[in-house]
Amino acid sequence: MNSLSIRDIAKMAGVSVTTVSRVLNGYPDVSTSTKERVQQVMKDCDYQPNNAARNLKRTHSNAVGLLMEGSATPFITDLSDILEEEINMHGYTLIPHRVMNGVDGVDTAVQLVMEKRLQGLIICGGYFIHSLEQLQRLPVPTVFCTTTLTGIDYAAYSSVHVDDRRAAAEAVNYLCSIGHRDIAILGGIEHDQGGVSSQRLHGYCDALNKNGIGFDPNFVRYCGLFTMQRGFETTCKLLSSQRRPTAIFCVADELAVGACKAIFHAGLRIPQDISVMGYDGTEITRFYEPSICTVRQPKEKIAKKTVEVLISLIEKKGPNQHVIFPTEIVTGGSCASPKND
């Protein structure tokens, strides 16, 4: 029985690995019945936790976790590189971890903290929608980077991000200002209730309303993942519908590249037949032909401020903070006024 692992104990007790870790380390947020069940399983199996597990609570490292959820976009990749550089400058090590879609982000975060003995967490991505109760399970200082949480007291957590709703509205307003009225949007997850995809969709709707343009549900298409392939496939379906847009706003640059490919594949021209607007301001938009108009996020400022806020929390130098950076529209060859037929 000495070969049993913590995962074996979790399976036999009918709980998560995270719960077993919290029982081993004496965390108070485990119910009495659950704690007793886990302890009974360990007793029955004569399970002896190893030194690392027993000393987990008392041992500290200089590691900080980076939890990333959603598509591995170039923007997130570039951001993580800057985060790592900044963390290292403060004498800490960054441990990145990607969360697959459908996996509970808080459970993963708690487990990562326990296994790696982290002193802080950066949660990066657009789909972390959690309650205050869930947030309180996070055992170390945490900063949400590139996203914020809806309906949660700002005093309960920290965030560094842009105003996605406002930025999307500005992008669509730009398209309207050059004459477009039939504007489609390539979004992310259809039932996203508070992540960046949802915020950018709200911004799209805000701009339509501001410019007196009726909402057409046929112009709203969801790609799921922020990938060029999904952008291509979704745009192909959009272009095969009865009503064709004169412009497409994409909530990520990768979707915009895929959309451009689909437009060319359909024998159409950019921007003469259809204009394309991206979001993020990644390098690919500058080197694509034609260059793609996009909403640029200041990733260097976001990364540096995220680390600054986290270090302040770890060293108990200040309260939770919320920082919002402005975006800017970078014009390119992919947008022009619609032609008059």
Side-chain angles (χ1 to χ4, degrees), residues 64-87 94-101 105-106 108-109 120-130 135 138 141-150 152 154 157-171 187-189 192-203 223 225-227 250-256 278-285 294-311 313 320-330:
V64 169
L66 172 60
L67 211 61
M68 297 171 285
E69 185 174 67
S71 305
T73 65
F75 175 79
I76 294 298
T77 300
D78 292 346
L79 186 70
S80 64
D81 288 343
I82 303 171
L83 286 169
E84 182 170 21
E85 181 178 349
E86 290 296 312
I87 283 290
L94 190 69
I95 299 179
H97 185 86
R98 182 160 298 282
V99 181
M100 303 302 294
N101 289 332
V106 170
T108 303
L121 268 176
I122 298 171
I123 296 182
C124 186
Y127 306 118
F128 281 86
I129 313 301
H130 300 303
L135 281 185
L138 296 173
T142 302
V143 178
F144 284 79
C145 176
T146 70
T147 188
T148 187
L149 303 181
T150 57
I152 303 293
Y154 266 22
Y157 72 104
S158 292
S159 67
V160 179
H161 57 103
V162 301
D163 187 335
D164 283 290
R165 181 167 183 165
R166 179 176 180 177
E170 290 175 349
I189 297 176
D192 176 15
Q193 297 300 313
V196 296
S197 182
S198 172
Q199 291 300 310
R200 294 170 192 178
L201 176 59
H202 283 309
C223 302
L225 299 175
F226 292 174
T227 66
C250 305
V251 301
D253 287 340
E254 291 65 50
L255 297 179
Y279 195 113
D280 279 338
T282 54
E283 189 175 48
I284 192 172
T285 59
T294 186
V295 177
R296 177 185 291 159
Q297 297 195 65
K299 57 177 180 275
E300 291 86 2
K301 292 181 179 179
I302 291 173
K304 290 181 179 180
K305 183 52 109 175
T306 296
V307 173
E308 178 185 318
V309 172
L310 182 62
I311 297 302
L313 292 172
N320 282 309
Q321 300 180 50
H322 297 274
V323 183
I324 302 176
F325 285 103
T327 59
E328 65 174 318
I329 295 176
V330 180

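Both backbone and side-chain heavy atoms feed into the values below; hydrogens, waters and symmetry mates do not.
- In this structure, I122 CD1 and I95 CD1 are separated by 12.0 Å, a value rounded to the nearest 0.5 Å.
- The side-chain heavy atoms of I324 and H161, taken from C-beta on, include a pair separated by under 4.5 Å.
- The heavy-atom pair separating E254 from P74 by the smallest distance is OE2-CD, 2.9 Å.
- Atom CG of L94 and atom CG of D81 lie 10.0 Å apart (nearest 0.5 Å).
- To the nearest 0.5 Å, atoms CG (D164) and OH (Y279) are separated by 3.5 Å.
- In this structure, S158 and L313 approach most closely via the heavy-atom pair OG-CD1, 3.5 Å.
- Between L201 atom CG and R165 atom CZ the span is 9.5 Å, to the nearest 0.5 Å.
- Two residues are said to be in side-chain contact when any heavy atoms from C-beta on lie closer than 4.5 Å; Q199 and T147 fail this criterion.
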Return a table of donor-acceptor pairs under 3.5 angstrom between the side chains of residues 301-310 and protein atoms on other chains or two or more places apart.
unit_1	atom_1	unit_2	atom_2	d
K305	NZ	E308	OE2	2.8
T306	OG1	I302	O	2.7

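- More than 12 heavy atoms of other shown residues, nucleotides or ligands fall within 6.0 angstrom of atom CD in E328.
- Nearest heavy atom pair, residue L138 against residue A109, reads CD2-CB, 3.7 Å.
- The nearest pair of heavy atoms linking G188 to S197 is N-OG, 2.8 Å.
- In this structure the side chain of Y157 never reaches within 4.5 angstrom of the side chain of T142, judged on heavy atoms.
- With no hydrogens or angles considered, a side-chain donor-acceptor pair links S159 and H322 at under 3.5 Å.
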Quiz prompt | Chi angles and distances behind the side-chain contact (heavy atoms from CB on, under 4.5 Å) call for T146, V196 | solution = CA-CA 8 Å; T146 70; V196 296; 5.7 Å; no

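- The two residues G187 and L255 make their nearest non-hydrogen contact at O-CD1, 4.0 Å.
- Note: I76 CD1 to L83 CG = 9.0 Å, rounded to the nearest 0.5 Å.
- In terms of heavy atoms, G281 sits closest to D253 at N-OD2, 2.9 Å.
- A distance of 4.5 Å separates CD in E300 from CD1 in I82, rounded to the nearest 0.5 Å.
- The shortest side-chain heavy-atom distance between V330 and T285 does not fall under the 4.5 Å cut-off.
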